Amino acid sequence: MSVVEGQKMSLKNNFFYLVLFAAYIPLLFLGITDLDEGAFSSTSLQMLREKQFLIPYLGDELRLEKPILTYIFQCISIFVFGISEFSLRLPSMVATFIWGFVFSKFIFSFKNDFKITSVLNIFLLLPGIFLMSSVATADAFLNLFITLAMINIYRFCENENKEELIRCSVWIGLGFLTKGLTIIAICGAVFFIFSIITKKFNTFLGAILSIKPWIIFFAITLPWLSYVYLKIGLEPLSYMFLGQSFGRYTTAFESHDGMFYYYFLVLPFVTLTFFPDFVRSLFKLNLKDNLEKFLFTWLAFVFIFFSFSTTKLPHYLIYGLVPIVFFLQKIFLIDQERAPNTLEIIYQLFIWLMLLGIPYALSSFLPRDNFDISLSVLEDTFNETLYLSIVSLTIIFLAILVITRVEVNFFKKISASFFLLILSVQILPLIIDLQQKDLRELGKKYANTNEKILAYKINKPSFSFYANVNYYRGLEPNVIILTRVDKLKFLENEYEILDTQGNYLLIKITDE
């Protein structure tokens with residue numbers, strides 16, 4: 001490569017990194033959403049306010065859907081940076097970047113042509129990873145611990161070094177304190193299946209019968225479990241580790257069900273910009289290579305396991321998404337230094353034309369009778385002309401890249417990075433505001449009030465985060481009540497309206 005070509009390549013890379021950086025930063029300032037983010041955020045803030053960091057409460061109710069670790073990370077962030085969306089979203093983003101780096105470094109240690117920066121680029125460009133990177137819940141941390149544990153499991157299968165088991169037990173212990181039995185179910189099953197297909201079952205047996213890793217695991221988990229048991233008893237713990245884990249597999253929680261092919265529909269979206277490349281990679285699998293065999297086992301198990309789960313949520317697939325990064329990088333190495341072909345150009349054009357149609361789809365298909373959605377946000381705050389101009393200019397820029405026969409991998413990566421940028425600065429803020437802006441504004445109006453506020457027939461804990469008050473539910477006289485206009489018909493009492501914001505109201509019951 002000549003000096004001039006090297007300078008051009010450096011300039012292209014710098015431009016790509018700038019766009020990618022610009023896509024991730026706005027995620028830190030998005031509004032908190034309900035239900036999970038609102039519950040995590042309000043619970044963490046309540047723990048910090050009450051200086052009680054070991055048993056999560058949401059108002060006066062135990063919030064033991066998830067163990068304690070994520071709440072602690074969020075409390076630390078709020079303590080350091082103050083009460084804001086940034087504080088709640090930062091821990092997940094930090095976890096995501098560590099998650100991507102450790103996986104990239106692991107792959108590079110076995111495949112020297114898989115450069116760390118190249119693997120990390122693909123990792124950060126996947127829409128599923130991007131969306132997970134700032135969600136103020138437990139999932140980014142869980143994925144980090146799953147990946148760290150999987151790395152140690154694979155290394156142990158290769159060298160049978162007991163130190164790998166020690167490290168693995170640390171990550172599984174932390175994962176257990178993040179989201180319960182999920183990490184054991186995934187890592188244990190992948191380890192077992194991989195040991196069978198590689199004829200290393202004795203290695204698996206030796207690992208699970210090894211005493212020291214179990215001692216470390218229980219040293220990490222038992223102090224908190226013992227404390228919670230002594231304070232609130234066994235039943236809440238049983239619900240957290242059995243009801244929330246096995247219960248979700250056998251019962252649809254919060255109407256999140258779906259057919260067995262659900263994840264066949266989700267997969268194209270979480271890998272959207274690179275989905276054809278992933279499909280191509282399946283035809284180039286080298287299952288004689290132990291690393292590829294392990295990564296494919298990991299991906300296939302998660303896909304199949306959650307396909308048969310009764311509760312289905314898109315982010316469950318993320319637990320097995322990391323191996324796809326390896327398979328995509330393999331395709332990118334094959335494709336390097338050629339120009340994009342017609343099918344690749346058409347596919348990227350399809351994505352951008354789909355983006356062009358989003359404002360029309362929202363205005364046409366949003367249900368007018370859904371009180372969770374504030375249509376005034378779409379009508380009053382969304383600048384359709386600006387949005388269409390930005391997307392159109394991006395399409396023109398990509399067309400120029402095609403005409404100049406830019407290298408195909410750069411073409412796909414720059415298209416993917418602009419796609420994420422549009423998501424973070426236009427689409428995600430719009431979607432969140434449609435559901436949350438009225439609640440957020442109402443909560444900020446009543447921030448730090450000394451009065452008790454009850455939520456009536458709605459479950460919107462994000463309000464309590466913005467109001468910086470404990471989240472309670474119910475109906476009492478002479479107490480501020482948060483409700484929605486469609487719920488007023490259930491009230492048999494006389495009431496006074498204190499404030500309104502869109503579909504949401506703050507009222508007081510005026511009769512006993």
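Side chains included, hydrogens not; waters and symmetry mates left out as well; all remaining heavy atoms used. Predicted model only: the values in this text are computed from it and were never measured. Index from 1, following the sequence.
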Residues at least two apart in sequence or cross-chain that pass side chain to side chain donor-acceptor pair (under 3.5 Å) with Glu451, listed by chain then number, are Lys508
Taking distance alone, no hydrogens or angles, what donor-acceptor pairs closer than 3.5 Å link side-chain atoms of residues 217-227 to residues at least two apart or in another chain?
unit_1	atom_1	unit_2	atom_2	d
Thr221	OG1	Phe217	O	3.0
Trp224	NE1	Leu54	O	2.6
Ser226	OG	Leu222	O	2.7

* Any donor-acceptor N or O pair under 3.5 Å, side chains Lys412, Tyr347 -> no
Worked check of side chain to side chain contact (heavy atoms under 4.5 Å, CB included) between Ile458 and Lys487
CA-CA 8 Å; Ile458 58 173; Lys487 306 300 181 182; 4.2 Å; yes
Taking only distance into account, with no hydrogens and no angle test, what donor-acceptor pairs under 3.5 Å do side-chain atoms of residues 459-467 form with protein atoms, sequence neighbours excluded?
unit_1	atom_1	unit_2	atom_2	d
Asn459	OD1	Tyr471	OH	3.1
Lys460	NZ	Asp372	OD1	3.0
Ser462	OG	Asp34	OD1	3.3
Ser462	OG	Asp34	OD2	2.7
Ser462	OG	Gln436	NE2	2.9
Tyr466	OH	Ile32	N	2.9
Tyr466	OH	Glu85	OE2	2.9

TODO: Decide whether Ser41 and Glu37 meet the rule of one side-chain donor and one side-chain acceptor closer than 3.5 Å.
DONE: no
- Give a yes-or-no answer on whether the side chains of Tyr71 and Arg63 include a donor-acceptor pair shorter than 3.5 Å. yes
Check the side chains of Ser415 and Gln348 for a donor-acceptor pair under 3.5 angstrom, ignoring hydrogens and angles. yes
Separation between CG (Leu393) and CZ (Phe418), nearest 0.5 Å, reads 10.0 Å
Practice task
Step through the shown structure and confirm whether more than 12 heavy atoms of other residues, nucleotides or ligands are within 6.0 Å of CZ on Phe269.
Solution key: no
Contacts under 3.5 angstrom, residues 120-136 side chains, donor-acceptor by atom type, not counting sequence neighbours:
unit_1	atom_1	unit_2	atom_2	d
Asn121	ND2	Thr117	O	3.2
Ser133	OG	Phe130	O	2.6

Anything under 3.5 Å between a donor and an acceptor, one on a side chain of residues 422-430, the other on a protein residue two or more places apart or in another chain? List them.
unit_1	atom_1	unit_2	atom_2	d
Ser424	OG	Ala23	O	2.9
Ser424	OG	Leu420	O	3.4
Ser424	OG	Leu421	O	3.1

Lys437 meets the side chain to side chain donor-acceptor pair (under 3.5 Å) criterion, sequence neighbours left out, with none
Do any N or O atoms from the side chain of Ser84 and from the backbone of Ser87 form a donor-acceptor pair under 3.5 angstrom?
yes
